[in-house]
Number of protein chains: 2
Amino acid sequence: MNANKNKYQFGDLLARHHLKKTEPRLRVLSMLASKNFATSQPDLEDVMLDIDRGTLYRILNAFEEKGIIHKVFDLNGTANYALCKSSCEENHHHDEHLHFNCVVCNNVYCLDDLDLPALNLPAGFQPMNLSLSATGICPKCGKKSDITEN
Amino acid sequence: MNANKNKYQFGDLLARHHLKKTEPRLRVLSMLASKNFATSQPDLEDVMLDIDRGTLYRILNAFEEKGIIHKVFDLNGTANYALCKSSCEENHHHDEHLHFNCVVCNNVYCLDDLDLPALNLPAGFQPMNLSLSATGICPKCGKKSDITEN
DNA sequence: AAGTAAATGCTACAATGTTGCATATTTATT
DNA sequence: AATAAATATGCAACATTGTAGCATTTACTT
């Protein structure tokens with residue numbers, strides 16, 4: 001277990017962004033860090049019942065503004081949040097990655113380090129940020145259906 | 001004006017999908033057809049105040065199921081709807097296109113006929129549908145800021 | 001023209017987004 | 001270590017959107 005190490009890391013992370021190191025914020029960070037897919041706001045609520053919904057909302061907003069997390073909408077239009085990779089914590093938001101939304105479990109996986117294509121935009125469109133989204137079946141759900149259906 | 005022609009076309013479109021040709025549905029279709037960017041549900045409501053919100057909701061759902069329109073979430077997580085191109089009305093959803101979300105006016109432009117890259121997914125991810133999203137400044141807003149700022 | 005299937009409009013409620021404000025907590029300062 | 005200043009939390013309240021049931025109306029079939 002590196003919970004303490006994480007707490008320390010996260011405290012540092014908060015300090016770097018001039019955010020006070022509070023219990024709710026640390027819990028949100030370690031929750032997000034514990035998953036390899038984005039977490040929906042309802043899921044966060046369910047796990048942290050004692051944290052006020054409004055507070056959670058403001059925490060997530062603050063984190064997003066600071067570039068600590070990023071938001072992605074799943075197939076249902078629900079906001080899901082994931083920690084940004086270290087490359088993202090720098091100044092320039094390095095959001096160019098693939099979001100893979102599983103149609104079975106609805107998890108949104110952030111798959112980084114993807115080569116995005118050169119864009120061929122019509123005249124006048126000035127792109128700032130790209131992201132590629134895919135829907136499909138994630139490894140976990142693919143395995144399940146193998147067992148059940150084959 | 002080709003409003004009548006459109007009405008005819010849309011009636012046909014509805015019939016092909018076994019949807020009854022009703023006033024609200026035709027109005028939604030011509031509204032969506034009149035724009036080159038996706039329209040949010042609130043915007044649709046504002047224009048068609050006399051159409052019940054629940055009805056609008058069901059119309060949009062029905063259209064989406066039938067592949068007549070597709071839904072895309074803008075930067076605020078609000079659902080925006082746009083007519084699918086003819087290629088999309090066939091069986092296989094041909095949703096592979098670029099959604100360009102302007103950070104100024106918030107419009108979502110559907111830019112079709114884009115070459116999507118071959119995906120390089122980690123093992124086990126089975127993609128079904130791809131879409132590339134970009135944020136940035138659209139031609140209209142780019143022009144405005146030229147005038148104002150230069 | 002009449003019957004049937006389907007859509008609309010209404011109502012109502014659930015989930016989520018959002019804000020104001022009093023209280024509590026953190027961090028800087030002494 | 002104690003205190004002040006700045007900020008975050010928790011609570012309450014309201015706005016917006018998603019969603020469903022049901023009675024009435026409308027569109028298509030024969």
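Below, chain A is the first sequence line, B the second, and so on; all start at residue 1. Being a predicted model, the structure only gives us computed values, none of them experimental.
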Between C1' of D:dC28 and CG of B:Leu14, the distance in whole Å: 13 Å

Closest listed nucleotide, where the reference is the side chain of B:Lys20 and the choices are D:dA20, D:dT9, D:dA27: D:dA27

Ignoring hydrogens and angles, answer whether the base of D:dG18 and the side-chain atoms of B:Arg58 contain a donor-acceptor pair closer than 3.5 Å. no

Report the distance from atom OH of A:Tyr57 to atom C1' of D:dA12, rounded to the nearest whole Å. 16 Å

Can you tell me the distance, in whole Å, between the OH atom of B:Tyr81 and the P atom of D:dT17? 11 Å

Rounded to whole Å, the CG-C1' distance (B:Asn80 to D:dT17) equals 13 Å

From CD of A:Glu23 across to P of D:dT9 the rounded distance in Å is 11 Å

B:Arg53 near the nucleic acid: base, sugar-phosphate alone, or nothing, with a heavy-atom cut-off under 4.0 Å? base

Taking the side chain as everything from C-beta on, heavy atoms only, tell me whether A:Ile59 gets closer than 4.5 Å to A:Pro24. yes

Starting at CZ of B:Arg25 and ending at C1' of D:dC28, how long is that distance when rounded to a whole Å? 13 Å

Positional range of nucleotides in DNA chain C within the contact set of chain A, heavy-atom, under 4.0 Å: C:dT16 to C:dT27

When we call it a touch if two heavy atoms are under 4.0 Å apart, what does B:Thr55 touch: a base, just sugar-phosphate, or nothing? base

Spell out, yes or no, whether B:Phe10 and B:Leu60 are grouped together once hydrophobic residues are joined by side-chain heavy atoms under 4.5 Å, including indirect joins. yes

To the nearest Å, how far apart are B:Leu60 CG and D:dT19 C1'? 14 Å

Intermediate values then yes/no, ring-ring contact (aromatic ring centres under 6.0 Å, His included), B:Tyr109 and A:Phe125: CA-CA 10 Å; B:Tyr109 298 85; A:Phe125 286 93; 5.3 Å; yes

Select one nucleotide: of D:dC11, D:dC28, D:dG18, the one nearest the side-chain heavy atoms of B:Ala79. D:dG18

Salt-bridge test for A:Asp43 and A:Lys35: reply yes if a basic N is under 4.0 Å from a carboxylate O, no otherwise. no

Run through A:Leu14, A:Leu19, A:Leu13 and flag the one making a side chain to side chain contact (heavy atoms under 4.5 Å, CB included) with A:Arg16. A:Leu13

Single-linkage hydrophobic cluster B:Ile68~B:Met48, side-chain heavy atoms < 4.5 angstrom: yes

Nearest-Å distance, NZ (A:Lys66) to P (D:dT7)? 10 Å

Common cluster, A:Phe73/B:Val72, ILVMFWY with side-chain heavy-atom separation under 4.5 Å: no

Using heavy-atom distances to pick each residue's nearest nucleotide on DNA chain D, tell me which of B:Leu19 and B:Asn61 is more 5'. B:Asn61

